[in-house]
J.: 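Take this structure, written in structure tokens, and hold onto it; I'll ask about it next.
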Amino acid sequence: DQQVKQNSPSLSVQEGRISILNCDYTNSMFDYFLWYKKYPAEGPTFLISISSIKDKNEDGRFTVFLNKSAKHLSLHIVPSQPGDSAVYFCAASAGSGGSNYKLTFGKGTLLTVNP
Amino acid sequence: DAGVIQSPRHEVTEMGQEVTLRCKPISGHNSLFWYRQTMMRGLELLIYFNNNVPIDDSGMPEDRFSAKMPNASFSTLKIQPSEPRDSAVYFCASSLRQGGGYTFGSGTRLTVV
């Protein structure tokens, strides 16, 4: 049972345009959400996060939006650059302030930014 | 800091053999996680430790898998006996504070033939 779903296995975008990666979750207990980026032969690296008390968090070219009622979050990258080409994982945790701290990941979306 | 260090980077072994994967977390981090990545299931949490104590091992697929953390600077994941379906990339990650992001190692690519 996939509690975190990334329904698009891949996305191709032109350099300079906006990339939008989507993620849906089913567990209403999730209260903290993260995006990770992964290059081939490397481990995932933390990109940006958002708490459920917010609906938007921005860090440079990266913005994460959270829609709790729809159980949906998205990552916007603007402008997209060729170096952004990687696999992006959405992750979520429940009760992040307590002992139940573990991240549940989606399967990832391969983003390709074409020059 | 050198980050989370995993060894070996690649492991090829025959079915039935014992495999041991190793992880050195970032110094000072108090949580350690073992994940497995496959095409079919993505990144799955196998087990995690807080302050060297196993907290949740519900993701460990079978009794063939075991993990230990004898001290704050070292953890092992052992598969005995190994099977071809164990072939995957195994990641170790550590974190300092709850609610923050993990730091992942570069992974061990395991191939069981």
Side-chain angles (χ1 to χ4, degrees), chain A residues 1-10 23-25 27 29-54 57 59 62 64 75 86-110, chain B residues 1-10 21 23-26 29-51 53-60 67 88-110:
Chain A
D1 177 30
Q2 279 272 310
Q3 297 187 62
V4 177
K5 300 178 184 178
Q6 294 178 256
N7 292 320
S8 298
S10 62
C23 177
D24 297 295
Y25 61 95
N27 188 340
M29 299 299 292
F30 287 148
D31 61 1
Y32 193 73
F33 304 89
L34 308 90
W35 285 93
Y36 281 79
K37 179 168 73 173
K38 183 184 180 303
Y39 293 118
E42 295 183 10
T45 55
F46 171 71
L47 189 57
I48 192 170
S49 63
I50 188 168
S51 165
S52 60
I53 62 174
K54 294 186 176 181
N57 189 25
D59 183 2
F62 302 91
V64 56
L75 174 68
V87 176
Y88 289 79
F89 289 98
C90 172
S93 72
S96 57
S99 60
N100 187 24
Y101 174 49
K102 60 182 181 182
L103 291 181
T104 300
F105 284 84
K107 291 188 177 181
T109 297
L110 173 62
Chain B
D1 198 318
V4 176
I5 300 173
Q6 291 187 246
S7 64
R9 287 297 307 270
H10 302 275
L21 312 181
C23 176
K24 176 177 167 53
I26 291 175
H29 281 193
N30 63 349
S31 296
L32 182 139
F33 308 83
W34 282 101
Y35 279 83
R36 177 172 69 175
Q37 184 186 17
T38 60
M39 288 293 292
M40 289 295 294
R41 302 176 69 88
L43 273 167
E44 302 174 272
L45 177 67
L46 300 177
I47 185 172
Y48 79 98
F49 298 82
N50 277 349
N51 298 314
V53 176
I55 301 300
D56 184 348
D57 65 354
S58 59
M60 297 286 260
V89 181
Y90 291 79
F91 288 102
C92 175
S94 69
S95 72
L96 175 59
R97 61 181 177 87
Q98 291 175 334
Y102 300 169
T103 300
F104 280 84
S106 297
T108 294
R109 179 173 294 277
L110 173 65

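All of these numbers come straight from a predicted model, not from anything done at the bench. Quick note on labels: first sequence line is chain A, next is B, and so on, each numbered from 1.
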J.: Please look at B/E44 and chain A and tell me whether the side chain, the backbone, both or neither of the residue comes under 4.5 angstrom of a heavy atom of that chain.
T.: neither

J.: Side chain, backbone, both or neither: which part of B/R109 has a heavy atom under 4.5 Å from chain A?
T.: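 Looking at B/R109, nothing touches chain A.
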
J.: With heavy-atom distances below 4.5 Å as the criterion, would you say the side chains of A/F105 and B/L45 are in contact?
T.: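 A side-chain contact is absent here, since even the closest heavy-atom pair is not under 4.5 Å.
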
J.: I want to know whether B/F33 and B/Y102 have ring centres closer than 6.0 Å.
T.: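 Aromatic pair counts; centres sit under 6.0 Å.
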
J.: Is A/Q6 close to chain B through its backbone or its side chain, or both, or neither, when contacts mean heavy atoms under 4.5 Å?
T.: neither

J.: Please tell me whether A/Y39 and A/K37 have a donor and an acceptor in their side chains that are separated by less than 3.5 angstrom.
T.: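 On atom types as modelled, these side chains qualify, holding a pair under 3.5 Å.
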
J.: Do B/C23 and B/I5 come within less than 4.5 Å of each other through their side chains, counting heavy atoms only?
T.: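 They are not in side-chain contact.
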
J.: Picking from A/G106, A/G43, A/P44, which has the most non-hydrogen pairs under 4.5 angstrom with chain B?
T.: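 Most heavy-atom pairs under 4.5 Å with chain B: A/P44.
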
